[in-house]
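Side chains included, hydrogens not; waters and symmetry mates left out as well; all remaining heavy atoms used. Indexing begins at 1, ligand by ligand and atom by atom, following the structure's order.
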Amino acid sequence: MSTHFTHDIGAQRIVNVGAAQLGPINRDHSRADVVERLLVLLRRAAERGVDLVVFPELALTTFFPRWFVANIGESDHWYETAMPNEATKPLFDEARRLGIGFCLGYAELTEPDDRGVRHRYNTQILVERDGSIVGKYRKVHIPGHETNEPDRPFQHAERYYFEPSPEGFPVWRAFGGIVGMMICNDRRWPESYREMGLQGVEMILCGYNTPIHYVPDPSQDILQGFHNSLVMQSGAYQNGTWVIGVAKGGVEEGVDSLGQSCIVAPSGQIVAQTITTGDELISVDCDLEWCRRYKETLFDFDRYRRPEVYTRLTNQRGVIEPPRS
Ligand code: CDT
């Protein structure tokens with residue numbers, strides 16, 4: 001089902017967006033197997049008149065940071081060294097043929113830089129309807145841990161496998177609007193949304209892999225769905241932007257992960273949400289003009305923000321409590 005939402009104030013700028021949730025990808029599934037699944041969702045989206053399909057974080061492989069390998073070079077096979085490549089070319093070709101854009105998350109291993117260093121990033125690209133890559137975003141907030149923690153039921157060693165991006169949160173003019181990206185843990189940080197909000201973002205695309213069991217504090221397990229919608233709804237509302245959150249859900253290699261992919265309007269309302277934890281497409285006609293209702297009223301940044309008193313936001317990382325007298 002495709003849903004059309006409008007704010008009803010005259011001119012509209014509609015982008016039909018599909019959130020293409022994936023179910024589990026096991027470690028022995030090939031890139032070709034996965035790309036076949038992406039193609040099924042892409043074609044389903046095209047039948048519904050979707051302009052832009054959003055796939056999850058690390059959409060080409062299993063969530064490999066759940067395993068630790070002592071020699072990181074042994075993990076190179078999880079990373080893409082070029083995009084498109086042989087495995088993903090059918091996706092780019094079919095998207096171009098259908099005239100549909102997409103957003104895809106994957107692990108990236110770069111070419112050597114001028115110091116000969118190859119970098120590992122958790123990356124997401126934005127591909128326009130002509131098959132050209134218009135934007136590349138690399139994850140800024142890397143969660144989890146750096147070293148092996150053998151007492152855990154599963155690892156979340158993203159901080160071992162990925163460098164945090166130094167590039168921040170750019171936005172791009174694409175799909176008739178201003179589009180930004182973020183990846184999974186980024187959605188929990190208000191700074192991610194505000195950095196893009198200050199560039200006029202109208203649609204933020206976010207893929208995620210969120211295990212239900214949070215090892216450092218299991219009391220949060222039951223709240224995973226609540227926190228997921230809490231952060232994306234507030235980020236959308238406070239910046240007057242659409243937010244598209246897309247999961248890789250279900251039980252993957254024994255680890256249960258959140259589904260609940262959703263499309264959030266600039267009002268903060270969830271206008272579509274998946275009902276399974278498997279491969280599932282939801283889509284909405286998103287009116288980018290709706291953003292103006294919030295950007296030009298309550299969240300008229302230029303009129304109401306007070307950056308001169310927000311100095312800690314960029315000068316300080318951790319908490320500094322007041323001295324005890
Ligand atoms: N992939 C990712 O960033 N997942 C984190 C899990 C919590 S930290 C172990 C998330 O924020 O959903």
Side-chain donor-acceptor contact under 3.5 Å, [X] with [Y]:
X    : Y    : answer
Q260 : N228 : no
D256 : H213 : no
Q21  : T274 : yes
Y106 : N85  : no

Pull out every atom of ligand 1 sitting under 4.0 Å from any heavy atom of [X], numbered as shown with elements.
X    : value
N185 : 3 (O), 10 (C), 11 (O)
R188 : 10 (C), 11 (O), 12 (O)
N209 : 1 (N), 2 (C), 4 (N)
E57  : 1 (N)

Item to check | E158 heavy atom under 4.0 Å from ligand 1 | outcome: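 Yes; E158 lies near enough to ligand 1 that a heavy-atom distance drops under 4.0 Å.
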Checklist entry - Going by heavy atoms, is R187 under 4.0 Å from ligand 1? => result yes
Next on the checklist: Is the terminal nitrogen or CZ of R120 (NZ for Lys, CZ for Arg) located under 6.0 angstrom from the six-membered ring centre of Y161 and within 45° of that ring's axis?
Outcome noted: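 Judged by the rule, R120 and Y161 form no cation-pi pair.
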Checklist entry - Is it the case that R27 places NZ or CZ above or below the six-membered ring of W67, under 6.0 angstrom from the centre and within 45 degrees of the axis? => result yes
Item to check | E252 bridged to R66 by N-O distance under 4.0 Å | outcome: yes
Next on the checklist: Please find the pair of heavy atoms, one from A236 and one from V243, that lie closest to each other, and give the distance.
Outcome noted: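 Between these two residues, the closest heavy atoms are CB-CG2, 3.7 Å.
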Could you check [atom] against the protein and tell me its nearest heavy-atom contact, residue, atom and distance included?
atom                    : result
atom 8 (S) of ligand 1  : P143 CB, 3.6 Å
atom 12 (O) of ligand 1 : T210 OG1, 2.7 Å
atom 5 (C) of ligand 1  : C184 SG, 3.8 Å
atom 6 (C) of ligand 1  : H156 CE1, 3.7 Å

Item to check | Part of K139 with heavy atoms under 4.0 Å of ligand 1, whether side chain, backbone, both or neither | outcome: side chain
Checklist entry - Less than 3.5 Å between some nitrogen or oxygen of Y214 and one of ligand 1, yes or no? => result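 It does not: no N or O of Y214 is found under 3.5 Å from an N or O of ligand 1.
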